[in-house]
Amino acid sequence: VALVVMVIFVFLRKLWATVIPSVALPLSIIGTFGVMSLCGFSLDNLSLMALTIATGFVVDDAIVMIENIVRYIEDGDDPETAARKGARQIGFTVVSLTVSLIAVFIPLLFMSGVIGRLFRDFALVLTIAVTISALVSLTLTPMMCAKLLKAEKPDEKHGAVFDWTERQFANLLGGYEKSLRWVMARPKQTLTVFGITLIATGLLFVAIPKGLLPQQDTGVIVGVAEAEASISFPAMKARAFALTEALRGDPDVQSIAAFVGSGSINPTLNTGRLNIVLKPRSERDSSADDVIERLKDRAAGVEGISLFMQPVQDLQIDSRIARTQYQYVLRSLDAAELAEWTPKLITALKAQPQLADVTTEQQTDGLYLKLDIQRDRASRLGVPVQAIDDALYDAFGQRQVTTIFTQVTQYRVVLEVPPEFRKRPDALDQLYVKSSAGALVPLSAVATATTTRGPLVLSHQGQLPAA
C-alpha cells in the first residue's frame, strides 16, 4: 500500500491529489474484507494474493476521476463545479473500466474441477475489490475533490524538484507526441507491423510448451519403485538396496533415502518410495529433468524392479504421490469390469509416441493364501472358529502380549513365529489349534490352504472402485 501511495505522489506531486486516491485504497480493501466475511471466505494464500494485486487496481478509477476534475479546475471552474462536470463526464468510463476488469475474471469464476475451486476465490476477491473501488471513485472521490482541491495560482512557485520533474514529464510527453505523429503518418507500415506481430503471436502460441504450472528444479526427486506383485519383503528390500546403489553412482546425486514395506508411505509390499536429493544447482550443470533421464538408464540395469521419477514441486494440486506427473482415473461400479478395461486403456496409451512411463496403480496379480475351514470336522474335534483365528493371529499377526517397563522406557512384547516358519505356505501344517477339551489339533486337520491370485489393494476414488 505504501509503495502504491509513493508512486502516486511521484507522478501527481501534490498533497491532496495524492491523499484522495490514497483514501480510496484502504476503503476498497476494508470493504472487500467485509464482503469476504459475509461470503464466508477466509484469508489464505490465494485471497491474500488477490488483495495484493487489487492494491494496484483500486486506485486506477480514482486517479482517472481526479485527472478529469483537475482538468476542469485548470480551465477556470471552481472545484465543486469541476467535480460535478468531471464526475458526470467520466462516470461511464469508470463503469466500463470496472466491467472490463471483471470480464477478465469471468473464465476463472466458471472454471470447473480442482483448478477452478482453487482460483474461484481468487477471482471473486478481485471482483469484489474492483467493484467497491468503482463505487468509491464515483461517490467519495468527487466529493473530496470538491472540498480539498484548489485552483493553482498563475504566479505560484514550486520547488526545484517539482520543476525538474515537470521538465522531464514535458520531454516525455513531447517524445510521445513525436512518435505518435510519426506512426500516424505511415499507416501502411504500421498495419504491416501489426499483421506481422499478430502472426508471430499465433506461431509462438503454437510453438511454446504449455502446461498448468511450470516445472521447477527444487533439487529433490521423488521416485516410486515397483516390483512384481508376489515379491516378499526381504526380496523387495534387497532390490531397493541395489537400486539405490545404482542411482548413487550419478555425479549429481547427493543422497538417497528409500522406504519399503506397506504402510502409510507405500500402499503395498511390492512398492517403495525413494527421495533423491541432488547437489545444489550451482554445483551441477544438468537440470532435474536431465538427471531423471540419466537415472532411468541406471535403474533399467537393476533386474526385477521398475522406477518412476518426477521432480518435487513447491506448488502441487494433488497431495497424492503418483508414479508419474499426470494421472487419469478410471471409475466403475463393477470392479471386474474395471479390471477388464484398465489393461486395454494402458495398452492404447502406450501406443502413443507422445507418452512415456505409462503405468497403472491397479495390481491384480498378488499371491493369496486362502484358508478353507471345514466347519463340520472342526465341530467334531471341538475346535471353534475363533480358536483358529487366534492361532493364526498369534503366529503371523504380531500380537502384543505384554509390556516390560523399565526406569527410562518401556518395551512391547510381540508374539510371532520365527522367520523361518513364515517363508512357505506349508508352515501352516506345523500349527496346532487348542480344542475346547484342551487337546492340540493340527490346523491341517480342520482347514485346507490353497494358493490363489488377486488384487493387492482395492483403490477407490469418490467411494467407487478406481484405477
Side-chain angles (χ1 to χ4, degrees), residues 7 11 46 49-50 52-61 63-64 67 90 92-120 122-127 129-131 133-134 168-169 171-218 281 285-290 292-293 310-311 313-317 324-328 348-349 351-358:
V7 172
F11 283 90
L46 289 174
M49 182 172 65
T52 303
I53 297 174
T55 56
F57 285 156
V58 297
V59 296
D60 290 344
D61 295 338
I63 292 176
V64 170
E67 289 177 344
I90 208 70
F92 180 77
T93 303
V94 172
V95 174
S96 62
L97 286 174
T98 304
V99 173
S100 300
L101 285 175
I102 294 175
V104 174
F105 307 123
I106 289 178
L108 295 178
L109 293 174
F110 293 97
M111 186 180 294
S112 60
V114 178
I115 308 301
R117 189 67 186 90
L118 285 174
F119 287 100
R120 189 173 301 145
F122 171 81
L124 283 174
V125 171
L126 269 175
T127 300
V130 171
T131 303
S133 169
Q168 301 305 317
F169 289 146
N171 293 334
L172 183 63
L173 180 61
Y176 171 72
E177 184 178 357
K178 290 180 181 179
S179 63
L180 184 60
R181 292 182 182 277
W182 188 89
V183 170
M184 296 301 292
R186 295 166 176 83
K188 293 183 179 180
Q189 294 86 336
T190 302
L191 292 177
T192 302
V193 173
F194 170 74
I196 295 174
T197 304
L198 190 62
I199 295 174
T201 301
L203 294 177
L204 290 175
F205 176 78
V206 175
I208 61 174
K210 302 173 182 65
L212 174 63
L213 298 172
Q215 283 288 98
Q216 294 177 278
D217 186 353
T218 59
R281 191 65 178 89
D285 298 329
S286 303
S287 64
D289 293 331
D290 296 334
I292 288 177
E293 294 301 321
Q310 55 181 313
Q313 303 296 298
D314 291 332
L315 181 59
Q316 295 182 349
I317 302 302
T324 53
Q325 181 181 0
Y326 298 101
Q327 304 175 45
Y328 187 84
L349 293 177
Q352 302 297 321
Q354 299 89 351
L355 302 179
D357 295 335
V358 179

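The OG atom of S287 sits 9.5 Å away from atom CD of E293, with the distance rounded to the nearest 0.5 Å. If you take CG on D289 and CD on Q310, they are separated by 10.5 Å, rounding to the nearest 0.5 Å. To the nearest 0.5 Å, atom CG of residue L198 and atom CG of residue L191 are 12.0 Å apart. Taking CE of M49 as the reference point, atom CG of L126 lies at 8.5 Å (rounded to 0.5 Å). A distance of 7.5 Å separates CG of L101 from CG of D61, quoted to the nearest 0.5 Å. Taken from CD1 in I102 to CG in L97, the straight-line distance is 11.0 Å, to the nearest 0.5 Å.
A donor-acceptor contact shorter than 3.5 Å links the side chain of T127 to the backbone of A123.
Other residues, nucleotides and ligands place more than 12 heavy atoms under 6.0 Å from the CG atom of N171.
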Residue pair T93, I90: steps toward the side chain to side chain contact (heavy atoms under 4.5 Å, CB included) verdict: CA-CA 5 Å; T93 303; I90 208 70; 3.9 Å; yes

Verdict with supporting geometry, L108 and R120, side chain to side chain contact (heavy atoms under 4.5 Å, CB included): CA-CA 6 Å; L108 295 178; R120 189 173 301 145; over 6 Å; no

Working for side chain to side chain contact (heavy atoms under 4.5 Å, CB included), residues F57 and I53: CA-CA 7 Å; F57 285 156; I53 297 174; 3.8 Å; yes

Working for side chain to side chain contact (heavy atoms under 4.5 Å, CB included), residues L355 and Q352: CA-CA 6 Å; L355 302 179; Q352 302 297 321; 4.1 Å; yes

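Counting only residues at least two apart or on different chains, the side chain to side chain donor-acceptor pair (under 3.5 Å) pairs with a member in residues 181-199 are E177-R181.
A heavy-atom distance below 4.5 Å is not found between the side chains of S133 and T98. Taking 4.5 Å as the limit, every side-chain heavy atom of Q216 sits out of range of all side-chain heavy atoms of P311.
Partners of D357 according to the salt bridge (Lys or Arg N to Asp or Glu O under 4.0 Å) rule, which considers only residues two or more places apart in sequence or in another chain, are K296.
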